[in-house]
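Everything on this sheet refers to the single structure shown next.
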Amino acid sequence: MSQPPIQFSEDQAEAWDRVAEMLLRAGIDLANGTLLPEASGTPEVLALVGKAGSGKTMLLAGLTKALAEAGMDVISGDYEGKKRKDRRTLAVLAPTNKAASVLRSHGVPATTIHRILYTPVYDPEYEKIAEWLAGNGDRPTVEGLTDLALDRARNFYDSMKSIPGALAAAGLRGSDFILGWKRREEPLDVGFIDEASMLDERQFNDLKEIFPTLVIFGDPAQLAPVGQSGEMVFDMLPAGSRLTLSRIHRQEKDSPILDLAHALGDESLEFGTFEEMVVDAARRDDRVIWAERVDAELMARSPVLVWRNQTRIRLIQAFRAAYGAPADALLPGEPLICDGIELPLKHRKKRIDLEARGLIKGAQVIYLGPGNKPGFSRLHVVGAEDPRVSAASIIKIELPDEEEPFIPYAARMGAAFLHGAAVTIHKAQGSQWEDVQVFAPDLFVAARMNKTEAGIALWKRLAYVAITRAEKRLHWVVRNRLARPQSALTIDDLPKGAAPLSLVPTEEL
């Protein structure tokens with residue numbers, strides 16, 4: 001039996017060995033940490049599935065580290081080193097930018113599925129830095145970059161494993177070092193795919209074309225992609241290609257939040273009984289809070305999670321009214337969610353600039369104020385290394401019973417944003433926050449409607465996904481009310497960064 005480098009539970013150790021056997025057939029000896037002559041066997045897919053707390057992320061991280069130590073090149077999607085004749089490759093992927101960033105926070109060099117289909121072409125001068133950071137070259141001397149800038153790049157890469165992020169830390173923009181993009185021509189060897197419950201069948205088939213050896217990690221209790229009738233791609237695999245992980249019970253780390261999430265697996269559980277369990281958990285542990293009202297102050301930094309779109313819009317309007325926000329402008333401190341980049345194809349380099357600074361679809365952003373030019377906004381990108389930017393923005397605020405949103409600020413092109421005080425549970429999948437408010441009246445409606453998904457009550461799937469978004473505290477909101485904030489909206493709690501960098505298409509200058 002191969003021995004993993006860290007202590008696993010019994011079923012995790014079994015999963016490790018199943019993956020090791022699969023890799024050995026592909027010419028990768030995980031037990032001895034060596035690469036064998038490349039095998040030309042039948043393509044294989046193995047699914048490792050388990051609910052929250054079963055250790056999927058720990059297992060994925062451990063396998064990634066072991067493969068890198070065995071000599072596999074880990075392809076991050078933002079840079080690929082010079083090809084060697086005997087090179088063997090591994091890529092760790094997630095369906096969304098948000099899900100990939102969660103893995104990166106655990107030290108796993110993950111990227112998105114879309115990004116692996118297209119590879120960047122680097123400027124040769126800055127490619128020297130990328131090769132050095134990736135461990136394939138000596139520390140370079142680059143005109144215009146000081147030793148201090150290179151040290152910043154090194155420190156960033158050592159913690160986040162992102163080449164563009166490291167080069168941005170050195171003071172470069174995406175369009176400085178990336179000349180363009182090209183479609184991937186050659187397949188890779190091994191793919192690890194996280195959040196596989198979010199994959200649709202087309203994406204799954206594309207991945208099987210790229211990776212002859214594929215391991216997918218998923219949570220069977222999450223929400224399936226829209227249009228797939230509740231079926232996950234790993235449900236389509238034969239039983240012998242799926243391995244189920246159980247929850248790891250460690251007394252010192254018992255979580256009432258995970259207890260509630262796993263209780264939803266009881267087929268006989270009714271909504272009222274579940275709420276009684278929430279009440280009991282709130283009495284015993286301050287990590288679960290029975291809330292009579294939505295907390296507007298929490299909404300400013302972590303969105304309240306809802307099922308229905310109409311609830312989301314009404315809560316956003318209630319939030320803005322509670323803070324006295326004007327109808328035709330945003331207040332500094334209002335939260336936004338990036339809804340994508342609205343740029344024509346010819347501005348591909350400008351898109352790179354925006355994405356390199358963290359303005360990717362699903363990114364959480366705090367509005368700081370208007371920029372110096374019409375249509376510009378000063379923004380704080382939550383979680384970014386250098387969070388303050390000034391970007392050409394298209395900000396949309398949806399209104400109840402109105403088809404068209406109100407747009408207080410609009411450049412002709414740039415980054416598009418929706419208000420972020422509330423989001424749907426579907427959109428929150430793959431994200432996490434320290435404090436999460438779950439709007440229970442919406443789940444009650446889903447329970448009363450007796451909706452099901454893949455034979456499971458929809459309210460249970462929604463509740464499970466919403467509850468497991470909470471890292472530290474779960475607020476179960478039971479009334480359709482909003483508690484007025486005790487203080488004005490502010491940006492004083494945000495880390496102070498350098499002066500905002502302007503990110504705009506040429507036509508906006």
Side-chain angles (χ1 to χ4, degrees), residues 15-30 35-49 56-57 59-81 83-97 99-100 103-104 108-120 134 161 181-218 225 232-238 240-243:
W16 180 285
D17 287 342
R18 285 286 302 277
V19 174
E21 292 169 5
M22 179 184 185
L23 293 173
L24 188 59
R25 290 191 289 272
I28 303 160
D29 188 346
L30 204 58
L35 301 180
L36 306 174
E38 188 169 356
S40 56
T42 305
E44 290 190 72
V45 180
L46 177 65
L48 303 180
V49 300
K56 296 187 299 297
T57 300
L59 185 60
L60 188 155
L63 286 165
T64 300
K65 181 180 178 182
L67 284 174
E69 290 174 349
M72 300 281 286
D73 278 356
V74 182
I75 305 301
S76 65
D78 53 36
Y79 175 74
E80 291 190 30
K83 292 180 172 57
R84 306 188 309 270
K85 184 178 180 181
D86 59 345
R87 185 176 79 151
R88 308 294 295 282
T89 54
L90 163 71
V92 183
L93 310 179
T96 66
N97 283 300
L103 284 178
R104 289 195 295 270
V108 179
T111 189
T112 62
I113 293 168
H114 178 78
R115 180 61 65 88
I116 215 68
L117 293 174
Y118 294 89
T119 59
K161 302 299 182 189
W181 297 84
K182 63 179 180 179
R183 176 83 184 192
R184 178 174 299 283
E185 297 175 355
E186 300 177 359
L188 300 174
D189 293 312
V190 179
F192 290 164
I193 316 300
D194 197 28
E195 297 286 357
S197 59
M198 299 171 69
L199 291 179
D200 59 37
E201 192 171 357
R202 181 187 58 79
Q203 288 174 316
F204 187 45
N205 289 331
D206 287 344
L207 290 167
K208 287 189 288 185
E209 289 183 7
I210 296 174
F211 299 100
T213 301
L214 195 61
V215 184
I216 61 177
F217 300 76
M232 318 286 190
V233 294
F234 42 76
D235 295 327
M236 307 173 191
L237 298 175
S241 297
R242 296 195 308 269
L243 190 63

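Positions are given from 1, in the same order as the sequence printed here. A quick note: this is a predicted structure, and the numbers were derived from the prediction, not measured.
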Side chains of L207 and I193 in contact at under 4.5 Å (non-hydrogen atoms): yes
By side-chain contact (heavy atoms from CB on, under 4.5 Å) - contacts of A91 (at least two apart): I75, L93, I116, L188, F211
Note, E201 side chain near M236 side chain (heavy atom, < 4.5 Å): yes
Distance in Å, L103 CG paired with T64 OG1, rounded so as to fall on 0.5 Å steps: 8.5 Å
Interatomic distance, L30 atom CG to M72 atom CE [nearest 0.5 angstrom]: 10.0 Å
Where A15 and L243 come nearest, the two heavy atoms and their spacing: CA-CD2, 3.3 Å
pair V190-L23: side-chain heavy atoms closer than 4.5 Å: yes
Test side-chain contact (heavy atoms from CB on, under 4.5 Å) applied to L46 and V19, step by step: CA-CA 8 Å; L46 177 65; V19 174; 3.8 Å; yes
Heavy-atom closest pair, residues R18 and G240: NH2-O, 2.7 Å
Heavy-atom check, side chain of W16 versus side chain of L63, under 4.5 Å: yes
Residues forming a side-chain contact (heavy atoms from CB on, under 4.5 Å) with A196, sequence neighbours excluded: L199, I216, F234
Nearest atoms (heavy-atom pairs only) where P95 meets D194: CD-O, 3.3 Å
A94 to A99 - nearest heavy-atom pair and separation: CB-CB, 3.8 Å
Inter-residue atom distance L35.CG - R87.CZ, 0.5 Å rounding: 12.5 Å
Side-chain donor/acceptor of D235 to backbone N/O of M232, under 3.5 Å: yes
Between CD1 on residue I28 and CE on residue M22, distance to nearest 0.5 Å: 9.5 Å
Side-chain touch S197/V49, heavy atoms, less than 4.5 angstrom: no
Partners meeting side-chain contact (heavy atoms from CB on, under 4.5 Å) with D29 (sequence neighbours left out): L24, A31, N32, T34, L36
Residue pair G218 / K56: nearest heavy atoms and the distance that separates them: O-CD, 3.5 Å
Exercise: identify the closest heavy-atom pair between L237 and R242: O-NH1, 2.5 Å
Atom pair OG (S241) and CG (L214), whose distance is rounded to the nearest 0.5 Å: 11.0 Å
Rounded distance [0.5 Å steps], CZ in F192 versus CG in L60: 6.5 Å
Test item: F204 and V45 side chains (from C-beta on) under 4.5 Å apart, heavy atoms: yes
V92 side chain near T111 side chain, heavy-atom distance below 4.5 Å: no
4.5 Å side-chain heavy-atom contact, D73 and R88: no
